[in-house]
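Data first, discussion second: the structure below is written as structure tokens.
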Amino acid sequence: MNRIKKYIILTLTIIFAISCQEEDKNFGDLSAPTNLVVQAEIQGQDVSNPYGDGSGLVTFNAHADNAISYKFVFSDGTSQNSPSGVFQKRFTQTGVNVYNVTVVASGKGGIATNTTISVEVRSDFTDEEAIEFLTGGASKNWYWSASEPGHLGVGPNSTDEAQNYFGFWYQAAPWEKAASANSSCLYDNVLTFTKEGDILKYQLDNGGKTFFNTAFEGVVGGSAGSDMCYDYDVSGVKIVTLSPSESVVTMNANAATQTRGTLMTFSDNGFMGYYIGQSSYEILSITANRMVVRAIMGNDPGLAWYHTFTTTQPVQNPVVDYTNLVWSDEFNTDGAPDSNKWGYDLGAGGWGNQEAQTYTNSATNAVVSGGNLVITAIKSGSDYTSARLKSENKFEFTYGKVEVRAKLPVGGGTWPAIWMLGANYDQNGFSWPACGEIDIMEHKGNQPNVIYGTLHYPGNSGGNANGNSTTISNVSSEFHVYKTIWSPSSIQIFVDDVLFHSVPNNNSIPFNHDFFLILNVAMGGTFGGPIDSSFTQSSMEVDYVRVYQ
């Protein structure tokens, strides 16, 4: 038996050795590339111009036996991979300078051979003024000019002067990309340019979130089909080289007034905050505090993206807080809610939301007790009753700060809400959602402690509404302050003074006319969801409602 075991082991060993030899043979020779030769052709070089014609352009051609790829590493801190071994580089340091270029030839298995050559090149291009503006002479921060219309735009890359030089096809409205949590990371960008000796450096700080153009979200495995923020590492200092722009803009008769003629190129795939797969940007204009650049899309050379930056970080909605108390209910008198301030909506069904409750004006469903308004949803047989209070025709207002301190009900299916409805909802042409709706607070008993803030208006209503959510603790055992600050420039929604949703306001959306307040507890429906079979009753308690202007 021992002999048989030894024979089997010996046989397996021989088979393994043979298979390894065959595998090595299939993989091929792992020796390093040999006979690495690098040639450098300086553009315009002749007897009269031994260092070239001043363009700074040098074409490198590398070749080695058994090489499958090449990498060029330049002494200015940049590098470039080139499978073919051919690469054209523009050296931009003004005057005649010597540059060391290391060429790495890689073979199978990553084994590499390298060599270093020197080239002496003349560059006549300079834009010291642009460098001074970019860095302030040392280091300077730049920010998206988010409050400026067209700070992000797209237009044709053509010789048509009527359409060129700006976002002819699309221009972002002020703070447009702050309207959604999916894109608000763009305005967190800080772009820092630094001058160190003759080297121009750049670093992007975006808090770890990068705003991706939808065409490039595959870089991070995204598939949303729309521009979105993704986790993407942009850390590390990039080297910036300046060179003459060769875009069609510079060919136009009015080019001198439309472009600076300077191209910025960032090393290591650096980019200016918005990911569009480009590392080169043409400077259209630059001053000490404002810069406009554009990038030509490599996958569509007929298209250009436009970016505008400023050295003063914009502040969204720098509105002085509303502090003049114009209307309130402190609920200090026990009994029925104050009829001078509150009316009722009565009836069943929730006006299209498939809710299970019937709204009443009974004291069992709405009463002031112990310093609080108490709105109670009650199970009655197979039905439910509750209350919906409103300030319609008693107090209506345009713009202001609303604060409501409340404790929310518990139980699957409960749907408490603190909200506002456009007072013109019953007028011809202004029915919901054209009237506008501001939901300061909504809560699902089936999803405890998650608070929703939402705006409904044409194109953004129902399941497609413009909203966000935040999670806090103990919403049903402790009071919290639910707040909105509604101004001509924005609608902001807070919990305990923490902002969690903001929408820019303008004349294209219906939030510039009178609204009234609504407090209610619904049951079930399209938002509240399934009602817990063990539910009997639960209440929303409201300590106060205050409106400031």
Side-chain angles (χ1 to χ4, degrees), residues 146-147 149-154 167 169-184 186 214 224-228 316-317 319 345 349-355 388 390-393 396-400 402 415 417-442 444 451-469 482 484-494 499-520 522 525-528:
S147 59
H151 58 274
L152 177 65
V154 65
W169 291 330
Y170 161 74
Q171 297 184 61
W175 297 102
E176 179 179 318
K177 300 307 178 184
S180 167
N182 291 333
S183 59
S184 60
L186 184 67
T214 182
S226 61
D227 289 6
M228 283 190 66
Q316 188 177 9
N317 309 317
V319 177
D345 275 325
W351 290 271
N353 295 319
Q354 303 174 29
E355 298 161 24
R388 178 158 130 170
K390 60 182 182 177
S391 70
E392 183 181 10
N393 298 324
E396 298 173 353
F397 65 106
T398 303
Y399 310 136
V402 179
W415 174 6
I418 299 167
W419 53 297
M420 306 191 328
L421 187 67
N424 59 358
Y425 75 97
D426 56 353
Q427 297 176 18
N428 237 357
F430 293 101
S431 59
W432 191 92
C435 62
E437 176 181 326
I438 302 172
D439 298 330
I440 304 170
M441 182 286 300
E442 290 182 286
K444 303 179 185 183
I451 301 300
Y452 291 84
T454 311
L455 269 64
H456 298 264
Y457 51 95
N460 291 268
S461 62
N464 190 43
N466 188 339
N468 199 8
S469 64
Y482 303 97
T484 185
I485 298 179
W486 167 32
S487 76
S489 58
S490 71
I491 302 99
Q492 299 175 312
I493 301 176
F494 305 76
L499 175 69
F500 73 97
H501 189 47
S502 180
V503 177
N505 193 10
N506 56 60
N507 291 331
S508 70
I509 55 178
F511 299 103
N512 300 284
H513 58 260
D514 277 358
F515 276 62
F516 60 87
L517 297 161
I518 303 175
L519 310 171
N520 70 285
T526 53
F527 187 83

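Only a predicted model underlies this, so the values are computations on that prediction, with no experimental measurement involved.
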ask   = Which distance, rounded to the nearest 0.5 Å, do you find between the CD1 of Ile485 and the OH of Tyr399?
value = 15.0 Å

request  = Could you pull out the closest heavy-atom pair between Pro174 and His151, with the gap in Å?
outcome  = CA-CE1, 4.3 Å

task = State which residues pass salt bridge (charged side-chain N to carboxylate O under 4.0 Å, His left out) with Lys390; sequence neighbours excluded, sorted by chain then number.
result = Asp345, Glu392

inquiry  = So, taking the atom named CD1 in Ile518 and the one named CD1 in Ile440, what distance separates them when rounded to the nearest 0.5 Å?
reply    = 10.5 Å

query = Can you tell if the side chain of Phe430 reaches within under 4.5 Å of the side chain of Pro510, non-hydrogen atoms only?
reply = no

message = Test your reading of the model: is there a side-chain donor-acceptor pair from Asn468 to the backbone of His501, 3.5 Å cut-off?
response = no

note = The reported gap from CD1 in Ile509 to NE2 in His456 (rounded to nearest 0.5 angstrom) is 13.5 Å

message = Holding to side-chain contact (heavy atoms from CB on, under 4.5 Å), I want the full list of residues that pass it with Ala417, two or more places apart in sequence or in another chain.
response = Trp419, Glu442, Asn520

ask   = Glu437 versus Tyr425: any side-chain heavy-atom pair under 4.5 Å?
value = no

query = Any donor-acceptor pair under 3.5 Å linking the side chain of Ser490 with the backbone of Gln492?
reply = no

remark   = Closest heavy-atom pair, Ser469 versus Phe500, reported as atoms and distance to 0.1 Å, is C-CD1, 3.8 Å

message = For the CZ atom of Phe515 and the CG atom of Asn424, what is their distance to the nearest 0.5 Å?
response = 7.5 Å

request  = For Asn512 and Thr398, work out which heavy atoms get closest and say how close.
outcome  = C-CG2, 4.0 Å

query = Going from CH2 on Trp175 to OG on Ser184, what distance comes out if it is rounded to the nearest 0.5 angstrom?
reply = 11.0 Å

message = Check whether Asn506 reaches the backbone of Ser508 with its side chain - one donor and one acceptor, N or O, closer than 3.5 Å.
response = yes

task = Could you grab the distance from atom CD1 of Ile438 to atom CE of Met420, nearest 0.5 Å is fine?
result = 3.5 Å

query = Which residues satisfy the side-chain contact (heavy atoms from CB on, under 4.5 Å) test with Gln354, sequence neighbours excluded?
reply = Thr526

task = Looking only at non-hydrogen atoms, find the nearest pair between Ala423 and His513 and report the distance.
result = N-CD2, 4.4 Å

task = Answer yes or no: are there more than 12 heavy-atom neighbours, outside Asn464 itself, under 6.0 Å from its atom CG?
result = yes

message = Once you measure the plane-to-plane angle for Tyr452 and Phe527, does it fall in the parallel (<30°), tilted (30-60°) or perpendicular (>60°) bin?
response = perpendicular

Donor-acceptor contact present, side-chain Asn505 to main-chain Phe511, <3.5 Å = yes

ask   = Looking at Asp439, Thr484, Ile491, which one forms a side chain to side chain contact (heavy atoms under 4.5 Å, CB included) with Leu455?
value = Ile491

key: Which atom of Ser391 lies closest to which atom of Phe516, heavy atoms considered   = OG-CB, 3.4 Å

query = How about Trp486 and Phe397: are their ring centroids closer than 6.0 Å?
reply = yes

query = Closest approach of Glu176 and Gln171, non-hydrogen atoms and distance?
reply = OE1-O, 4.3 Å

Side-chain H-bond candidate by donor/acceptor type, Asp227 with Thr214, under 3.5 Å = no

